[in-house]
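Working notes for the structure below.
No experiment lies behind these values; they were computed from the predicted model shown. Below, chain A is the first sequence line, B the second, and so on; all start at residue 1. These numbers come from the heavy atoms of this one structure, side chains and all, not from hydrogens, waters or symmetry mates.
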2 protein chains.
Amino acid sequence: MLEFYRWDRGQDRIMPSPLEKARQEPESMKGRILAAARRLFGEYGFSGVTTRMLAREVGIDISTLYYHWGEKQDLYDAVMADLSCEIRAKLREIEGMVRGATLSHRLEVAIDVMCDWLFDHPEAARLMLSSYMGKSRSAPDAHVPIKEHIANIAVAMGLALDRTRVPARANARVLTVWNSAVNFTAGEDFFLPMLGVDRDEYRSVVKETLKFILIPAFTLPPAA
Amino acid sequence: MLEFYRWDRGQDRIMPSPLEKARQEPESMKGRILAAARRLFGEYGFSGVTTRMLAREVGIDISTLYYHWGEKQDLYDAVMADLSCEIRAKLREIEGMVRGATLSHRLEVAIDVMCDWLFDHPEAARLMLSSYMGKSRSAPDAHVPIKEHIANIAVAMGLALDRTRVPARANARVLTVWNSAVNFTAGEDFFLPMLGVDRDEYRSVVKETLKFILIPAFTLPPAA
DNA sequence: AGAGAATTCCATCATTTGTTGGAAACCTAT
DNA sequence: ATAGGTTTCCAACAAATGATGGAATTCTCT
């Protein structure tokens, strides 16, 4: 009976049912563990978190943790799969919000909404960053499949016509903005004192800067 | 005799002599250990590296490692202090290269040189990123003091007159470009396949994108 | 060559960490 | 209430990890 968690192995494309339930029911033990894991992994990285830290954070025994999610690596994979799903949903939501609007309006809304979400989920930004830099000692490629997301944005923003053939330059520009948003949210504690502002100012300065930088990159003709 | 490494404790402002020597003599044991530590810490993070991994990488015993640098945390601190020094020197070098040139030329050269250096030192970029996100389980604030660097760039680029009073917006713009460069170099293995280009193309696309994005941000009047 | 210092290694220790078996507690349906 | 399944905890284990004492080796200088 220690094996049923294997249900959700290797299913990061279509949302696996147990993972979905775990997130939808944050009061369930599975959900509480997932949430705690996300918080801690986001804060300390994969090898910076011990199973005992996790168990203590939830207030349970280590075995309960293994009962629900199996090995540490499996739990980490679940966190990443969950995160990937959430991001995909968020991007779809944004895409729906701005459909049909002008380009500049699209940009404005996309940055606003995405930044708000990231600022409210700094652990998500941190998880993505460590996923980029990769090479965790024992973790293989549990990457967030951000590639399609970026390509979709590039198409939505008019930088490419076909989402299967996005120019490298277009992807690079989208990536730059995306990474900047992730950076400023993941490193808020570090960058905020550098700018000498308070929390609210920080967030508005970040948004403003991203918009300021993004607009010309996407509205100028695709020269060079 | 196991204590002389304490010499370079808490001296990250003025370059401590042993650290300097260790880097200047890369053949010395101290230097070899420092270089290996930098490589591994950059790849796996602080808690992702064990003292045995380090010793094995250098081809020595664990005790030798402790003899030269003391605890793991001290070695990590030394790596960060060394890195900070190197970055400072690099930025000074760039400042010297572009002094007196036009703004656009300054930007061009700064991005080119900095990117080249970062691409040749991806572990440096990774170390900086993990330093930003911080909160290593046992590591305190062994941060790279990037604040002054950013402020200096802002002044050099004409975004501020006084380096002690740089507007938050100016800092944010410099930071955006800086972070983008760090991101693209630290995550080369992850982003390169996303763009579907080879190594050389990747590097030129990154530089090009940064320049394309940077120029308007620094040449437009300080509106908003 | 040899005394004394500096450097490296071997063996070891106490903790920490990932992981599991099995007993206890809790539900749920009859 | 009680049988059967589910969930949680206690105890423990093997391996890995950070760290050190001390012996052995190498280096340096006369």
task: Rounded to 10°, tell me the angle between the two end axes of the helix from dA1(C)-dT30(D) to dT30(C)-dA1(D), each built from five pairs.
output: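 Computed from the C1' atoms at both ends, the axes differ by 20°.
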- prompt: By ring pair (Phe, Tyr, Trp, His ring centres under 6.0 Å), which residues pair with W117(B), not counting sequence neighbours?
  reply: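 H121(B).
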field: Pairing residues for E57(A) by the salt bridge (charged side-chain N to carboxylate O under 4.0 Å, His left out) criterion, not counting sequence neighbours
entry: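 In terms of salt bridge (charged side-chain N to carboxylate O under 4.0 Å, His left out), with neighbours along the sequence ignored, E57(A) is linked to R39(A).
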query: Is there side-chain contact between L75(A) and H68(A), with at least one heavy-atom pair below 4.5 Å?
result: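 Not touching, per the 4.5 Å side-chain cut-off.
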- prompt: Is there side-chain contact between W69(A) and L65(A), with heavy atoms separated by less than 4.5 Å?
  reply: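 Not touching, per the 4.5 Å side-chain cut-off.
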Distances under 3.5 Å between nitrogen or oxygen atoms of protein and nucleotides 8-10 of chain C:
{"residue": "dT8(C)", "atom": "OP2", "partner": "H68(B)", "partner atom": "NE2", "Å": "2.5"}
{"residue": "dC9(C)", "atom": "OP2", "partner": "D61(B)", "partner atom": "N", "Å": "2.9"}
{"residue": "dC9(C)", "atom": "OP2", "partner": "T64(B)", "partner atom": "OG1", "Å": "3.0"}
{"residue": "dC10(C)", "atom": "N4", "partner": "S63(B)", "partner atom": "OG", "Å": "2.4"}

- request: Run the salt-bridge test on E43(B) and R126(B) with the 4.0 Å N-O cut-off and return the result as yes or no.
  value: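 So E43(B) does not pair with R126(B) through a salt bridge.
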Give every pair of a protein N or O atom and an N or O atom of nucleotides 24-29 of chain D that lie under 3.5 Å apart, one pair per line with the distance.
none

task: Find the distance L75(A):CG to dG18(C):P and express it as a whole number of Å.
output: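 The distance from CG of L75(A) to P of dG18(C) comes to 11 Å, rounded to the nearest Å.
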Nearest-0.5 Å distance, CG of residue D82(B) to CD1 of residue I87(B):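 Atom-to-atom, D82(B):CG and I87(B):CD1 are 10.0 Å apart.
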field: Counterpart residues, side chain to side chain donor-acceptor pair (under 3.5 Å), relative to R203(B) (two or more places apart)
entry: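 By the side chain to side chain donor-acceptor pair (under 3.5 Å) rule, R203(B) matches no residue at all.
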query: So, the side chain of T185(B) versus the backbone of A181(B): is there a donor-acceptor pair under 3.5 Å, distance only?
result: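 Here the side-chain-to-backbone pair exists.
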message: Quick check against the 3.5 Å criterion: does S180(A) have a side-chain atom that pairs as donor or acceptor with the backbone of T176(A)?
response: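 Yes.
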query: Taking I153(A) as the fixed residue, which of I94(A), L91(A), N171(A) is the one that meets the side-chain contact (heavy atoms from CB on, under 4.5 Å) rule?
result: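 For I153(A), the side-chain contact (heavy atoms from CB on, under 4.5 Å) check succeeds only for L91(A).
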query: For Y66(A) and dT19(C), is the shortest distance between a side-chain N/O and OP1 or OP2 below 4.0 Å?
result: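 Checking Y66(A) against dT19(C): at least one side-chain N or O falls below 4.0 Å of OP1 or OP2.
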